[in-house]
Amino acid sequence: MSRGLLRRSIYKSPAQLRLMLAPGLAAADALAAMADAVRPGVTPLELDAIAERAVRDAGGAPNFMLEPGYRHTICANVNENVVHSIPVDRPLEPGDIVSLDVGAVLGGWHSDAAITVAIPDPARPDRTEAIERLSHVTEQAMWRGIARLATAAHLNEVGEAVAEYVHANSDYGILEDYIGHGIGRRMHEDPPVFNVPVSRRGPEVRPGLVVAIEPIISAGGIDTVVEDDDWTVSMADGSLSAQWEHSVAVHSGGIWVLTAPDGGAAGLAPLGITPVPIA
Ligand code: MG
C-alpha cells in the first residue's frame with residue numbers, strides 16, 4: 001500500500017502526547033532564557049545563540065533549521081517586522097517591541113512557542129505604554145484561545161475567543177494570513193488554527209489534539225509585505241506588531257500547555273481553567 005494514501009490521524013495517542021512533553025519544555029527553557037537576556041544593547045543574533053544553547057542543553061535541536069534555507073533557532077520580529085524575521089545583529093533599543101519565536105525537536109517530536117517583550121523607554125512613556133499594551137492584549141488573546149480549547153466542542157471556537165477578546169479590548173488588527181497549526185511529528189501539521197471566526201466549525205476537540213495557538217496582532221492595518229531577505233515579513237503600514245504562542249495538548253484529563261513549565265496554570269487561572277498534567 002502506498003504510504004502516500006494513508007491519512008494520518010490528527011489525534012495523538014496518550015503515549016505520543018507524553019513524548020511531546022520534552023520538546024515542549026526545551027522550547028520553554030529557550031523562551032525563559034531569552035526573556036531573561038532581553039535588554040537594550042542585546043542583539044537578536046545573541047538571543048538566537050542563547051535560545052540554541054537552551055534547546056541543546058535540554059537535549060533537543062532547533063527545528064526552525066529544518067525549514068529549507070533557514071539557519072537560525074529563532075525568529076526575532078522587531079517593531080514592524082511581524083513574523084519569520086531572521087535574527088539580525090542590530091542591538092535592541094529602548095522602545096522596541098520584539099517577538100521571539102522558537103521551536104525544538106526532541107525524539108522526533110516538535111514544539112513551537114513565542115513570547116513578546118516590550119522594552120520600556122523611560123524617555124517616551126507614551127511609546128512604552130503602547131508597546132506594553134500591544135503585548136498584553138496579544139498575550140491575553142492567546143490565553144483566551146487556549147482557555148476556549150479546554151471547553152470547546154470544535155477547534156474553530158478558539159479563533160472566536162481570540163477575536164472576541166481583541167475586539168472588545170482594542171482597535172488592533174488580527175493578521176488572518178498567519179495562523180496556528182497542529183504540531184507533532186512535524187512542526188506544521190493539520191489542522192489550521194484560525195485567530196478569527198470562520199464559517200467551518202473545524203475538527204472535534206478531543207483527547208489527542210495538539211495545536212499551536214498563536215495570535216499575531218498589529219496596532220494598525222493587517223496587510224504585510226515580505227522583505228528582500230525572502231523571510232522577514234513586515235507590516236505594510238509600518239505599524240507595531242506582537243505575537244504570543246504556545247503548543248497545547250488536549251488529553252483525557254483536560255488540557256496541558258506543553259511549552260509552559262507550569263502547563264499554563266498561571267496564565268489560565270484568571271480564566272477559571274486548571275491545566276491537568278498528562279498522565
Ligand atoms: Mg507556530
Side-chain angles (χ1 to χ4, degrees), residues 10 12 20 23-31 34 44 47-48 51-52 54-55 60-70 72-77 81-87 98-106 108-117 135 138-139 141-146 148-149 155-156 158-159 161-162 174-196 198 202-203 209-218 222 224 226 231-233 241-250 255-260 264 267:
I10 63 168
K12 276 85 178 169
M20 294 193 71
L25 289 173
D29 284 355
L31 291 180
M34 289 191 289
L47 296 173
D48 185 64
E52 177 170 2
V55 166
N63 56 359
F64 290 11
M65 291 182 191
L66 300 176
E67 299 289 313
Y70 202 77
H72 297 280
T73 299
I74 66 168
C75 296
N77 312 291
N81 300 146
V82 61
V83 68
H84 300 164
S85 305
I86 296 175
V98 55
S99 64
L100 302 163
D101 192 1
V102 66
V105 56
L106 204 163
W109 295 89
H110 290 259
S111 61
D112 191 6
I115 55 171
T116 290
V117 180
S135 178
T138 307
E139 180 182 11
M142 174 194 69
W143 287 119
R144 266 37 178 211
I146 294 171
R148 185 66 65 88
L149 187 69
L155 181 60
N156 292 351
V158 168
V162 168
I174 303 171
L175 272 67
E176 295 181 14
D177 292 344
Y178 296 92
I179 58 177
H181 48 90
I183 184 165
R185 286 279 193 195
R186 289 172 295 139
M187 181 167 59
H188 296 120
E189 297 183 348
D190 277 336
V193 183
F194 301 100
N195 294 309
V196 294
V198 294
L209 186 66
V210 186
V211 289
I213 294 176
E214 50 174 321
I216 302 180
I217 309 292
S218 144
I222 61 170
T224 57
V226 180
W231 284 102
T232 304
V233 177
S241 61
Q243 176 193 20
W244 282 80
E245 176 180 23
H246 273 308
S247 300
V248 189
V250 180
I255 65 164
W256 186 253
V257 178
L258 297 164
T259 45

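Counting convention: from 1, in listed order, for ligands and their atoms alike. Residues: numbered from 1 along the sequence shown.
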Please find the N/O/S atom of [X] nearest to the Mg ion (ligand 1) and write down its name.
{"X": "Asp112", "answer": "OD2"}
{"X": "Glu245", "answer": "OE2"}
{"X": "Glu214", "answer": "OE2"}
{"X": "His181", "answer": "NE2"}

Between His181 and Asp112, does any side-chain donor sit less than 3.5 Å from a side-chain acceptor?
yes
Trp244 versus Ser135, side-chain donor and acceptor atoms under 3.5 Å
yes
With a 3.5 Å distance limit and no angle check, can you tell me whether Asn77 reaches the backbone of Leu100 through a side-chain donor-acceptor pair?
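No.
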Do Glu189 and Lys12 sit within salt-bridge range, that is, some charged N less than 4.0 Å from a carboxylate O?
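Judged by the 4.0 Å cut-off on N to carboxylate O distance, Glu189 and Lys12 do form a salt bridge.
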